[in-house]
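Input: a single structure, listed below in structure tokens.
Because the structure is a prediction, the values reported are computed rather than measured. All values below were derived from every heavy atom in this structure, side-chain atoms included, with hydrogens, water molecules and symmetry-related copies excluded.
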Amino acid sequence: MALVIHNTLTRRKEPFEPLQKNKVGIYVCGVTTYDKSHLGHARSAINFDVVVRHLRGKGYDVKHITNFTDVDDKLIARAHELGVEPLDLSRQMIDEYFSVMDKLKIRRADAYPKASETIPDIIEMIKGLVDKGFAYESRGSVYFIVRRVKDYGKLSGQSLDQMIVGTRKEPGEDKRDPMDFALWKAAKPGEVSWDSPWGKGRPGWHIECSAMCLKYIGTTVDIHGGGTDLVFPHHENEILQSETFNEAPFVKYWMHNGMLTVNEEKMSKSLKNFFLVDEVLKRYSPQTIRFFILNASYRQPLDYSEDSLDEAKKSLDKLQDTYTALLSVGGNATGADGMEEACTEAWERLTQAMDDDFSTREAIAVIFELSRTANRKLADGSLSNTGVDRLVSTYRRFNDLFDVLKEERRRLIPTRDETRLQDTVTAQIDLPIDRNRISDDNYIDELVQMRENARRRKEFDRADRIRSRLAELGIEIQDTPEGAVWKRK
RNA sequence: GCCGGGGUGACAGAGAGGCCAUGUGGCGGACUGCAGAUCCGCAGACAGGAGUUCAAAUCUCCUUCCCGGCCCCA
């Protein structure tokens, strides 16, 4: 079964063939570390997390690199406002980044290079570009001569002449051509800067990615990813720099994730319509957030709203309930229950979906269908122990990719236990619940047992009160033919 | 202006020539003391127009609306 990836370069799905058999170098553009991450950043991280997981699951030896842009105008400005050193602010934001991304279960990349720590490589590359005649120095800054590259615009489809019409870029006083872009920016007084052959300064935005790709992966990377908003000019310019310097193709497959929107408009700092990841995490679980993101195609825009997060939660609960049930109950039937075939088929379809340009939405649909089969079997008691095991392991494999399910079990209080019908506390209807003990499973078992006893005695009023009191404490009781089952919400 | 991507049932959102998407919600039923969960069934759709084809959400053309990019941005 062959993996196909939608390549922005050709705007088509192409069979995935890495440069070296079984090895994949993937570079994903990271964030500028001047502020906390919003959900849009999380979307990108989650999408590429799953891309990497699937590649690894297919047996590829993956090297995943994601950068931090820690030298940047906005960062400098923000640090200045706050009265801190830019690199200190950056360190703080990087901690922040890892803190939320870890919560979202993003597997760490193999390296997170920072622009500030890649300066020698960057300078090396700029020198090379100057030597080749594709860049020039002007008042301490260095610019790339865009017009010297003949196949300009192959990624974004932009043509230089068209663009100039629409652009209002003022010819920077140091640039020879308004289309040229900075490889190296001369330092203004008091700014963070590094020594270079052109004097003190700092790298331009695009060059760090080119330098890092070369340093950590090689002249050609298999997959280069990022948001669609980076296609132009960032990625286009990376191509110019890298291909000119390396004289080799820069990227085999360009992958771009769609924007997260709010009321159909791009979520962004400048529009102030963003939701910070740590804020959203206060209201929704990491699993819900991942599910929300993965329940859409990565290339399309996805609209954020509380309603859609709520719906994602409901949907995910359905899957989780089935998984929890499977983890909690053993099978009782003997002989063939058809789960081997069902699981094999589901897994095949799921893999096919993932191989089709990482169609996570379709993969999720497959799991829902398997859930229906499982629930049906669960209800009519026709699952065998091996059937349960097969289902559980299929869910686990799914979860290795998606990481949206918890390994949670529920507790069953069997109804059949006649000896426990006598309550110690029968008098009061509103029994006092000891809040200090609510985290104690055995205590909850006791309470649920009391309710169960009340039900047996047809004291439904009392039973319902216990149920609603527990519900207030986040404990949900469900009655099943086998007895009452409870779990923490 | 130029370059991209889109308009799918009540909603979210897949699919890319013939067949079921899936989830939420709605309606009916089973189960149940009730609730919930679950199962079974039902309704409801491909922006508009023209064309290609035995067959079109799916391909072509036109119209229209929306979003993204062209300063920064995942």
Side-chain angles (χ1 to χ4, degrees), chain A residues 8 11 13 28-32 34-35 37-48 66 69 72-74 153 155-170 205 225-234 236 256-261 263-271 274 291-292 295-297 299-303 305 307-319 321-322 324-325 353 356 359-369 371-380 455 458-461 463-464 467-468 471 476-481 485:
Chain A
T8 311
R11 278 182 269 112
K13 289 182 187 175
V28 181
C29 280
V31 295
T32 302
Y34 77 105
D35 204 350
S37 296
H38 64 235
L39 213 57
H41 301 117
R43 179 183 191 187
S44 187
I46 290 168
N47 284 147
F48 285 104
T66 284
T69 301
D72 159 271
D73 288 338
K74 267 195 264 193
L155 184 65
S156 60
Q158 300 282 348
S159 103
L160 280 177
D161 299 316
Q162 304 281 28
M163 225 168 345
I164 288 170
V165 181
T167 198
R168 48 171 165 65
K169 216 182 287 183
E170 289 152 40
W205 176 35
T228 49
D229 53 351
L230 297 181
V231 172
F232 184 89
H234 186 55
E236 198 71 74
H256 295 278
N257 67 274
M259 295 294 100
L260 192 68
T261 58
N263 296 324
E264 312 281 289
E265 280 192 323
K266 178 182 169 185
M267 179 180 289
S268 73
K269 288 281 155 75
S270 47
L271 288 170
F274 57 89
F291 186 87
F292 167 68
N295 203 202
S297 153
R299 285 197 274 131
Q300 262 12 93
L302 175 64
D303 204 48
S305 71
D307 282 353
S308 17
L309 263 295
D310 288 341
E311 194 185 315
K313 185 189 177 323
K314 276 187 217 158
S315 289
L316 178 58
D317 279 350
K318 191 185 170 86
L319 284 186
D321 283 349
T322 305
T324 300
D356 182 12
S359 302
T360 51
R361 189 95 210 297
E362 216 179 314
I364 285 172
V366 171
I367 278 292
F368 270 110
E369 282 171 29
S371 285
R372 193 166 61 224
T373 308
N375 283 326
R376 206 184 295 138
K377 293 269 169 188
L378 233 25
D380 69 15
R455 288 184 67 220
K458 307 251 191 271
E459 292 169 21
F460 296 120
D461 195 33
D464 291 350
R467 179 173 61 194
S468 61
E476 190 183 85
I477 299 179
Q478 273 177 34
D479 297 322
T480 73
V485 134

Open item on the list: Can you measure Phe232(A) atom CZ to C67(B) atom C1' for me and round it to whole angstrom units?
Closed with: 19 Å

TODO: Nearest whole angstrom, please: distance from the C1' of C66(B) to the NZ of Lys266(A).
DONE: 17 Å

Task: Under 4.0 Å protein heavy-atom contact, by nucleotide of nucleotides 37-44 of chain B - B base, S sugar-phosphate only - done: SSSS----

Task: Sugar-phosphate, base or nothing in reach of Gly30(A), heavy atoms under 4.0 Å - done: sugar-phosphate

Open item on the list: Work out how far the P atom of A14(B) is from that of C54(B), and round it to whole angstrom.
Closed with: 33 Å

Task: Rounded P spacing from C42(B) to G48(B) in Å - done: 26 Å

Task: Nucleotide nearest Glu264(A) when distance is taken to its side chain, options C2(B), C67(B), G5(B) - done: C67(B)

Open item on the list: So if I take every side-chain heavy atom of Ser44(A) and compare against A74(B), U24(B), A14(B), which nucleotide ends up nearest?
Closed with: A74(B)

Task: Nucleotide paired to A74(B) in any strand shown, Watson-Crick or G-U, under 3.5 Å - done: none

Open item on the list: Does the structure show a Watson-Crick or G-U wobble partner for G4(B), both distances under 3.5 Å? Name it, or say none.
Closed with: C67(B)

Task: Candidate nucleotides A74(B), A21(B), G69(B), ranked by approach to the side chain of Arg361(A) - the nearest - done: A21(B)

Open item on the list: Between Lys313(A) and Asp317(A), does any NZ, NE, NH1 or NH2 come within less than 4.0 Å of an OD or OE carboxylate oxygen?
Closed with: yes

TODO: Both distances under 3.5 Å, Watson-Crick or G-U wobble: report the partner of U60(B), or none.
DONE: A50(B)

Task: Interatomic distance where CG belongs to Asn257(A) and P belongs to G69(B) [whole Å] - done: 13 Å

TODO: Check the chi torsion on A57(B) and let me know: syn if it falls within 90° of 0, anti if not.
DONE: syn

Open item on the list: From NZ of Lys13(A) over to C1' of A16(B), roughly how many Å is that when rounded to an integer?
Closed with: 8 Å

TODO: Figure out the CD/C1' separation between Glu265(A) and G6(B), and round it to whole Å.
DONE: 16 Å

Open item on the list: Given A21(B), A74(B), C70(B), identify the nucleotide with an atom nearest to the side chain of Met259(A).
Closed with: A74(B)

Open item on the list: Under 4.0 Å, heavy atoms only, any strand: does Leu378(A) hit a base, just the sugar-phosphate, or nothing?
Closed with: nothing

Task: Watson-Crick or G-U wobble mate for C19(B), both contacts under 3.5 Å - done: none

Task: Whole-Å P distance, C62(B) and G26(B) - done: 44 Å

- [ ] Describe the nucleic acid contact of Thr32(A) in one word from base, sugar-phosphate, nothing, applying a heavy-atom distance below 4.0 Å.
- [x] sugar-phosphate

TODO: Select base, sugar-phosphate, or nothing to describe what Val231(A) touches, counting heavy atoms under 4.0 Å on all strands.
DONE: nothing

- [ ] Answer with base, sugar-phosphate or nothing: what part of the nucleic acid does Ser308(A) contact at a heavy-atom distance below 4.0 Å?
- [x] nothing

Open item on the list: From CZ of Arg467(A) over to P of U32(B), roughly how many Å is that when rounded to an integer?
Closed with: 16 Å

Task: Base partner of G9(B), which must satisfy Watson-Crick or wobble distances under 3.5 Å - done: none

- [ ] May I ask you to decide if Thr228(A)'s main-chain N or O and Arg299(A)'s side chain share a donor-acceptor pair within less than 3.5 Å?
- [x] no

Open item on the list: Going by purine N1 to pyrimidine N3 plus the second Watson-Crick contact, or the G-U wobble pair, all under 3.5 Å, which nucleotide sits opposite G26(B)?
Closed with: C42(B)

TODO: Could you tell me whether Lys74(A) and Asp35(A) make a salt bridge, using a distance below 4.0 angstrom between a side-chain N and a carboxylate O?
DONE: no

- [ ] Assign Glu476(A) to base, sugar-phosphate, or nothing according to its heavy-atom contacts below 4.0 angstrom with the strands shown.
- [x] nothing

Open item on the list: From C-beta outward on Asp464(A), which listed nucleotide comes closest to its side chain: A74(B), G33(B), U22(B)?
Closed with: G33(B)

Open item on the list: With rounding to the closest Å, how many angstrom separate the P atoms on U8(B) and C67(B)?
Closed with: 14 Å

- [ ] For Ile477(A) and C34(B), give me the distance from atom CD1 to atom P, rounded to whole Å.
- [x] 17 Å

- [ ] Pick base, sugar-phosphate or nothing for Ile364(A), based on heavy-atom distances below 4.0 Å to the nucleic acid.
- [x] nothing

Task: P gap between G9(B) and C46(B), integer Å - done: 8 Å

TODO: Would you classify Gly226(A) as touching base, sugar-phosphate or nothing, given that sugar-phosphate means primed atoms plus P, OP1 and OP2, and contacts are heavy atoms under 4.0 Å?
DONE: sugar-phosphate

Open item on the list: Taking only the C1' atom of each, what is the distance from G18(B) to A10(B) in whole angstrom?
Closed with: 29 Å

Open item on the list: Need one value for Lys269(A): base, sugar-phosphate or nothing, where a base atom within 4.0 Å counts as base even if backbone is also close, heavy atoms only.
Closed with: nothing

- [ ] Could you tell me whether His256(A) contacts a base, only the sugar-phosphate backbone, or nothing, with contacts defined as non-hydrogen atoms closer than 4.0 Å?
- [x] nothing

Open item on the list: Show the nearest heavy-atom pair for residues Gly157(A) and Glu236(A), with the distance to one decimal.
Closed with: N-OE1, 4.4 Å

TODO: State which of G15(B), G69(B), A21(B) makes the closest approach to the side chain of Asp229(A).
DONE: G69(B)

Open item on the list: Is the phosphate of G4(B) approached by Arg11(A) (side-chain N or O, under 4.0 Å from OP1 or OP2)?
Closed with: yes

TODO: Could you measure between the two C1' atoms, the one in C31(B) and the one in A37(B), and give it in whole Å?
DONE: 11 Å

Task: Heavy-atom pair with the smallest gap, counting every atom of Thr360(A) and Ala296(A) - done: OG1-O, 3.4 Å

Task: 5'-most by nearest nucleotide on RNA chain B - Ala463(A) or Asn263(A) - done: Ala463(A)

- [ ] Please work out if Phe460(A) contacts a base, only the sugar-phosphate, or nothing of the nucleic acid, heavy-atom cut-off 4.0 Å.
- [x] base

- [ ] Would you name the heavy atoms of Met259(A) and Asp229(A) that are closest together and state the gap between them?
- [x] CE-OD1, 3.5 Å

Task: Mate of C34(B) where both pairing distances stay under 3.5 Å, Watson-Crick or G-U - done: none

TODO: Measure the distance from CD1 on Ile367(A) to C1' on A14(B) and round it to the nearest whole Å.
DONE: 16 Å

Open item on the list: Closer than 3.5 angstrom, by distance alone: can the side chain of Ser44(A) be matched with the main-chain N or O of Gly40(A) as a donor-acceptor pair?
Closed with: no

TODO: Please say whether more than 12 non-hydrogen atoms of neighbouring residues, nucleotides or ligands are located less than 6.0 Å from CG in Asp380(A).
DONE: yes

Task: Closest non-hydrogen atom pair, Ser156(A) against Val231(A) - done: CB-CG1, 3.9 Å

Open item on the list: I'd like the C1' distance from C65(B) over to A47(B), given in whole Å.
Closed with: 8 Å

Open item on the list: Please find the pair of heavy atoms, one from Ala363(A) and one from Ala353(A), that lie closest to each other, and give the distance.
Closed with: N-CB, 3.8 Å

Task: Check: Thr261(A) side chain, Leu302(A) main-chain N or O, donor-acceptor pair, under 3.5 Å - done: yes

- [ ] Can you see which heavy atom on Gly226(A) is nearest to which on Leu230(A), and at what distance?
- [x] CA-CD1, 4.3 Å

TODO: Let me know, please, whether Phe292(A) or Glu311(A) comes out on the 5' side of the other along RNA chain B by nearest nucleotide.
DONE: Phe292(A)

